[in-house]
Every structure is written in structure tokens, then in C-alpha cells.
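Numbers here are sequence positions counted from 1.
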Amino acid sequence: ADHNISLESMGVTVNAVAGALKAFFADLPDPLIPYSLHQDLLETSKIMDKTERLHELKEILKKFHPVNYDVFKYVITHLNRVSQQHKTNFMTADNLSICFWPTLMRPDFENREFLSTTKIHQSVIETFIQQCQFFF
């Protein structure tokens, strides 16, 4: 809540902050993006028309629990800001989605069927990052 705290002056690295954030989401009882919506996200990703796909993703966001929605909005908006500095930090929306989709969705990597859809889930998170102004 205190926006005046400088983690840099405290010697906290960016990697430590990202690791702490990912650990926080990993420790939640349920993933930020509920399992019940994973199939909807997969189906929506198959829509060829980009505008229609974006509108369907926006409809899925309406199914989030309000707290999950608020946290997801905050995280995605932050990741969008990070991606806007990709020339300095090398973290494009693609790179960020690769790093964060497993944290936000908490997949079952033991499930062979799920392994075949990892790129799709990653691309959904990339879309949320790239188009966050549309979604939020």
C-alpha cells in the first residue's frame, strides 16, 4: 500500500520480487484463474476472428470471482506496463506470458492432455497482457 517504498534502495532484485509474487500465487488454495474457466479459455482461443475472440475473453472475465477479477486486473495491467519497457528489460508480452501463465492458471503438468494445450494457455495470457486496455 505504501507507494514510497523503494525495493531497489533496499537491495531487493527484480527477480526476487517476481519470485515472491509467483510464490504467493502458488500458495493460494485455488489458482487466480479458476480451473472451471480453463476449458472456456481454450474454446475461445479457437475463434479465428480476433474481435470476436477478444469479446468472448471479456465475457469470461465476467465469470471471475470479484476478488480474483480485481487481482487479475492489477497483475495484467502491471505486466502490460512491464512489457511496454521491453526494449530496456527484454520482457515482451510473450516472454511475460511464458513466465506467468503457469502461476496464474496452475496447470496439472501430470496430465498429458493438458501438456498439449500449454501454448494455447500461454497465448491467452499474452492476449490479456497485450490488450489489457480493452479488457479493463
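The side-chain heavy atoms of S83 and T92, taken from C-beta on, include no pair separated by under 4.5 Å. With contacts defined as side-chain heavy-atom distances shorter than 4.5 Å, the pair I129/S97 qualifies. Put simply, the side chain of F25 reaches to within 4.5 Å of the side chain of V75, judged on heavy atoms. Looking at D40 and K63, their side chains come closer than 4.5 Å, going by heavy atoms from C-beta outward.
In this structure, CD1 in I60 is found 11.5 Å from NZ in K62, a value given to the nearest 0.5 Å. Considering CZ of F135 and CD1 of I76, their distance stands at 9.5 Å, rounded to 0.5 Å. Separating the OG atom in S45 from the NZ atom in K119 is a distance of 11.5 Å, to the nearest 0.5 Å. From T44, atom OG1 reaches atom CD of Q39 across 9.5 Å, with rounding to the nearest 0.5 Å. Atom NE2 of residue H86 and atom CG of residue N95 lie 10.0 Å apart, to the nearest 0.5 angstrom. The structure places CG of L79 at 12.0 Å from CD of Q130, a figure rounded to the nearest 0.5 Å.
A distance-only check finds no donor-acceptor pair linking the side chain of H55 to the backbone of E52 [under 3.5 Å]. Distance alone, capped at 3.5 Å, is enough to place a donor-acceptor pair between the K22 side chain and the C99 backbone. In this structure, R106 contributes its side chain and I33 its backbone to no donor-acceptor pair below 3.5 Å.
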**Item:** Worked verdict on L96 versus I125 for side-chain contact (heavy atoms from CB on, under 4.5 Å)
**Value:** CA-CA 9 Å; L96 290 163; I125 299 302; over 6 Å; no

**Prompt:** N80 and Q131: side-chain hydrogen bond (donor to acceptor under 3.5 Å, both in side chains), yes or no, with the steps?
**Reply:** CA-CA 8 Å; N80 176 269; Q131 302 294 328; over 6 Å; no

**Request:** Determine, step by step, whether L42 and H121 satisfy the side-chain contact (heavy atoms from CB on, under 4.5 Å) criterion, reporting the C-alpha distance in whole Å, the side-chain angles of both residues, the deciding distance to 0.1 Å, and the verdict.
**Result:** CA-CA 7 Å; L42 279 178; H121 285 97; 3.6 Å; yes

**Prompt:** Would L21 and F100 count as a side-chain contact (heavy atoms from CB on, under 4.5 Å) if you check the C-alpha gap in whole Å, the side-chain angles of each, and the deciding distance to 0.1 Å?
**Reply:** CA-CA 10 Å; L21 182 64; F100 280 93; 3.9 Å; yes

**Prompt:** Are F136 and F128 close enough, and set up right, to give a ring-ring contact (aromatic ring centres under 6.0 Å, His included), and what steps lead you there?
**Reply:** CA-CA 10 Å; F136 308 112; F128 281 124; 7.2 Å; no

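Considering every non-hydrogen atom in both I120 and S123, the closest pair reads O-OG, 2.8 Å. Smallest separation of non-hydrogen atoms from P34 and L32: CD-O, 3.3 Å.
Put simply, L61 and M105 are part of the same group of oily side chains (I, L, V, M, F, W, Y) that touch within less than 4.5 Å, one to the next. Residues M10 and V17 are members of one and the same hydrophobic cluster, defined by side-chain heavy-atom contacts under 4.5 angstrom among Ile, Leu, Val, Met, Phe, Trp and Tyr. Note on M91: it does not cluster hydrophobically with V14, by side-chain heavy-atom contacts below 4.5 Å among ILVMFWY residues. Follow the hydrophobic side-chain contacts under 4.5 Å out from L54 and you reach L37 in the same cluster. The hydrophobic cluster containing Y74 does not contain Y69, counting ILVMFWY residues as joined when their side-chain heavy atoms lie under 4.5 angstrom apart, directly or transitively.
E56 and R53 are not joined by a salt bridge, as no carboxylate oxygen comes within less than 4.0 angstrom of a charged side-chain nitrogen.
For the pair K58 and F134, the distance from NZ or CZ to the six-membered ring centre is under 6.0 Å and the angle to the ring normal is within 45 degrees.
For D94 and Q122, the side-chain atoms include at least one donor-acceptor pair closer than 3.5 Å.
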